[in-house]
Amino acid sequence: MVLTGVNSKALRKGSAEPPLAAGAFRVYNMRFCPWALRAMLYVAAKGIDAEVINLNVTDKAEWYFKKHYLGKAPAVEHDGNVVIESGFIPEYLDDAFPESRILPTDPFEKVQQK
């Protein structure tokens, strides 16, 4: 598992959107945001190779609002789909990458973990 770009410069207004290769996985992050960290930890725990794009929290790039209508982090992008909100990202990742499932499949056990 490799998270590339964790320490990259935060993109801000006027920054161009980085191209995403077909089949690549991306995490949109804001440093020191506990919700974004939650998504990053889940991606790392699942062993997913991902590119991390850091965003400037106070001067957000215009193109990011097409990914998240409020411009918040985290968001993950995979196969042309963008999933927002740290509570939904783990469930998406478990369904998209079931071979390394973290949450239980039993509904009661899953809600107990949450």
Side-chain angles (χ1 to χ4, degrees):
M1 176 274 318
V2 177
L3 292 176
T4 60
V6 173
N7 294 316
S8 63
K9 183 177 178 181
L11 300 181
R12 59 182 348 126
K13 192 178 286 184
S15 298
E17 179 179 356
L20 181 61
F25 190 90
R26 181 177 280 170
V27 178
Y28 295 98
N29 180 48
M30 288 184 191
R31 287 192 185 109
F32 312 113
C33 171
W35 311 119
L37 180 58
R38 178 182 185 187
M40 298 268 288
L41 288 170
Y42 212 86
V43 169
K46 289 188 68 64
I48 300 168
D49 290 333
E51 174 189 23
V52 177
I53 300 295
N54 289 311
L55 304 165
N56 185 298
V57 69
T58 59
D59 194 22
K60 299 172 186 150
E62 301 89 346
W63 55 263
Y64 186 64
F65 288 92
K66 294 177 189 163
K67 310 284 182 192
H68 191 304
Y69 69 103
L70 292 174
K72 294 182 179 182
V76 297
E77 187 170 7
H78 177 242
D79 288 338
N81 298 310
V82 177
V83 179
I84 62 173
E85 299 300 329
S86 65
F88 300 135
I89 290 171
E91 290 186 51
Y92 169 78
L93 295 176
D94 272 351
D95 291 341
F97 302 93
E99 63 280 356
S100 59
R101 184 166 207 83
I102 295 173
L103 290 172
T105 55
D106 177 86
F108 184 75
E109 288 180 23
K110 184 188 284 188
V111 78
Q112 290 301 306
Q113 270 199 19
K114 288 181 178 183

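To the nearest 0.5 Å, the span separating CG on L55 from CZ on R31 amounts to 10.0 Å. Interatomic distance, I48 CD1 to L3 CG, rounded to the nearest 0.5 Å: 9.0 Å.
No more than 12 heavy-atom neighbours from other residues, nucleotides or ligands sit within 6.0 angstrom of NZ on K72. No more than 12 heavy atoms of other residues, nucleotides or ligands shown are found within 6.0 angstrom of CZ on F88.
A donor-acceptor pair under 3.5 Å is formed between the side chain of N54 and the backbone N or O of V6. Proximity of a side-chain donor or acceptor of D49 to a complementary backbone N or O of V2 within less than 3.5 Å is detected.
Applying the side-chain contact (heavy atoms from CB on, under 4.5 Å) criterion to S100, with sequence neighbours excluded, gives K46, F97. Residues passing the side-chain contact (heavy atoms from CB on, under 4.5 Å) test with E62, sequence neighbours excluded: K13. With sequence neighbours excluded, the residues that form a side-chain hydrogen bond (donor to acceptor under 3.5 Å, both in side chains) with T58 are N56. Contacts of D95 classified as side-chain contact (heavy atoms from CB on, under 4.5 Å), with partners at least two apart in sequence or in another chain: R101. Residues forming a side-chain hydrogen bond (donor to acceptor under 3.5 Å, both in side chains) with Y42 (at least two apart in sequence, or on another chain): D94.
Connection of Y69 to Y64 is not established within any shared hydrophobic cluster, with ILVMFWY side chains joined at heavy-atom distances below 4.5 Å, either directly or through further cluster members. Hydrophobic clustering places L103 together with V83 (ILVMFWY residues linked when any side-chain heavy atoms are closer than 4.5 Å, directly or through intermediates). The cluster map of Ile, Leu, Val, Met, Phe, Trp and Tyr, joined by side-chain heavy atoms under 4.5 Å apart, puts Y92 and I84 in different clusters. I102 and I89 fall within the same hydrophobic cluster, defined by Ile, Leu, Val, Met, Phe, Trp and Tyr side-chain heavy atoms under 4.5 Å apart, directly or through other members.
Between M40 and P74, the closest side-chain pair of non-hydrogen atoms is not below 4.5 Å.
Scanning all heavy atoms of the two residues, the minimum distance from S86 to P90 falls at O-CD, 2.9 Å. Minimum heavy-atom separation, K60 to L70: NZ-O, 4.2 Å.
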Expected list for residues 14-28: side-chain donor-acceptor pairs under 3.5 angstrom, two or more places apart:
residue, atom, partner, partner atom, Å
S15, OG, R12, N, 3.0
S15, OG, R12, O, 2.9
E17, OE2, K67, NZ, 2.8
R26, NE, E51, OE1, 3.0
R26, NH1, P18, O, 3.1
R26, NH1, Y28, OH, 3.2
R26, NH2, P18, O, 3.4
R26, NH2, P19, O, 2.9
R26, NH2, E51, OE1, 2.8
Y28, OH, E77, OE1, 2.5

*asked:* Would L11 and W63 count as a side chain to side chain contact (heavy atoms under 4.5 Å, CB included) here? Give the steps.
replied: CA-CA 11 Å; L11 300 181; W63 55 263; 3.8 Å; yes

